[in-house]
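Computed over heavy atoms, backbone and side chain alike; hydrogens, waters and symmetry mates excluded.
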Amino acid sequence: MLTYFVKRLLGMIPTLLLVSVVVFLFVHMLPGDPARLAAGPEADQATVDLVRQELGLDLPLPQQFVRYFSHLLQGDLGVSLRTKRPVSTEIADRFMPTLWLTITSMIWSVTFGMVFGIVSAVWRNRWPDRLLMTLAVSGISFPAFALGMMLMQVFSVELGWLPTVGASSWKHYILPSITLGAAVAAVMARFTRASFVEVIQEDFVRTARAKGLGEGRVVIKHTLRNALIPVVTMMGLQFGFLLGGSIVVETVFNWPGLGRLLVDAVTQRDYPVIQGLVLLFSLEFILINLIVDVLYGVINPSIRYK
């Protein structure tokens, strides 16, 4: 296990290097002039040229990349063109609100999604299955921004129960987490149902029932462990999606997180912040996939790593 873990960690290095190259080229193809945005709309051309020189944007693109990459190898993500603060500081200030929002969304969406999926599988092709899968399809189909605005209209504007912006108390997490986790809960419900329906038809499940075991024990003890492996895979992917893909929800609720930071950085053509955030999101997905692979062995001890 340890050898496998170390190999996977070393395998992250070329992936991150490739991502850094692609991201650097991508952000420099964005339209707009960062020097003009940094200097302000009233600045003359001479001032813009001075700002461009100060930011190093007057250098040829290969030289800019060498400069960026050398700093990256030293753990330096650069300085924000917009705020003049280190990118690492900008990300650190916004990371925890996004992380807690993601964890909150993941907890309730996985819990309800798996319960709904198991109930649908056990009662498949009957009214609980049809009702829950209809809700799941609705959750997948409904856009996140529309759901967020509807929840704000009902629970904040009309009823006045919950706040709409900010992240200073647990009440601020309710509406954004519901909005962010609705699609994940729907995906988890459908995926859990499909996995359980496949496993519940296996011979060992029929044998357990033939021995006179109760349905609850058959589902929990015999079916759950074998059905969880593909579910855990989807869970990891969804967690990565929530952590890196909360841009719409954070924009709707003006959430002080990484998604909002990325939107502001793209708007202002803040190259270092964009590059730092995309690298962070890539690293998150790689680490989550590694954790999921390790969990396979925890769920099913028969799995061995080489």
Of all the heavy-atom pairs spanning [X] and [Y], show the shortest one and how long it is.
X      : Y      : result
Lys171 : Pro163 : CB-CD, 3.8 Å
Val273 : Ala265 : CG1-CB, 3.6 Å
Thr267 : Val263 : OG1-O, 2.8 Å
Asp264 : Arg94  : OD2-NH2, 4.4 Å
Thr98  : Glu250 : OG1-OE2, 2.8 Å

Checklist line | Passing candidate, salt bridge (Lys or Arg N to Asp or Glu O under 4.0 Å) with Asp129, options Arg124, Arg193, Arg190 | finding: Arg193

Please tabulate, for side-chain N and O atoms in residues 105-120, each donor-acceptor pair with protein atoms closer than 3.5 Å (sequence neighbours left out).
from	atom 1	to	atom 2	distance (Å)
Ser105	OG	Leu101	O	2.8
Ser105	OG	Ser177	O	3.4
Trp108	NE1	Ser177	O	3.0
Ser109	OG	Ser105	O	2.7
Ser109	OG	Met106	O	3.2
Thr111	OG1	Ile107	O	2.7
Ser120	OG	Phe116	O	2.9

Would you mind reporting whether [Y] and [X] have side-chain heavy atoms less than 4.5 Å apart?
X      : Y      : result
Arg126 : Pro128 : yes
Val154 : Leu159 : yes
Leu277 : Glu90  : no
His172 : Phe253 : no
Phe155 : Ile174 : no
Gln275 : Leu77  : no
Tyr68  : Ser20  : yes
Trp255 : Pro97  : yes

Nearest 0.5 Å please: distance from the [atom1] atom of [X] over to the [atom2] atom of [Y].
X      : Y      : atom1 : atom2 : answer
Met96  : Thr102 : CE    : OG1   : 10.5 Å
Leu17  : Phe69  : CG    : CZ    : 4.5 Å
Leu261 : Phe95  : CG    : CZ    : 12.5 Å
Leu258 : Leu99  : CG    : CG    : 9.0 Å
Leu175 : Leu151 : CG    : CG    : 5.5 Å
Ser80  : Ile274 : OG    : CD1   : 10.0 Å

Do the side chains of [X] and [Y] join up, straight or via other hydrophobic residues, at under 4.5 Å, putting them in one cluster?
X      : Y      : answer
Met150 : Val252 : yes
Leu280 : Val266 : yes
Trp100 : Trp170 : yes
Val87  : Val22  : no
Trp161 : Tyr173 : yes

Notebook entry, point to check: Taking Ser70 for the side chain and Arg67 for the main chain, is one N or O donor matched with an acceptor at less than 3.5 Å?
Noted result: yes

Notebook entry, point to check: Would you find a donor on one side and an acceptor on the other, under 3.5 Å apart, between the side chain of Ser282 and the backbone of Val278?
Noted result: yes

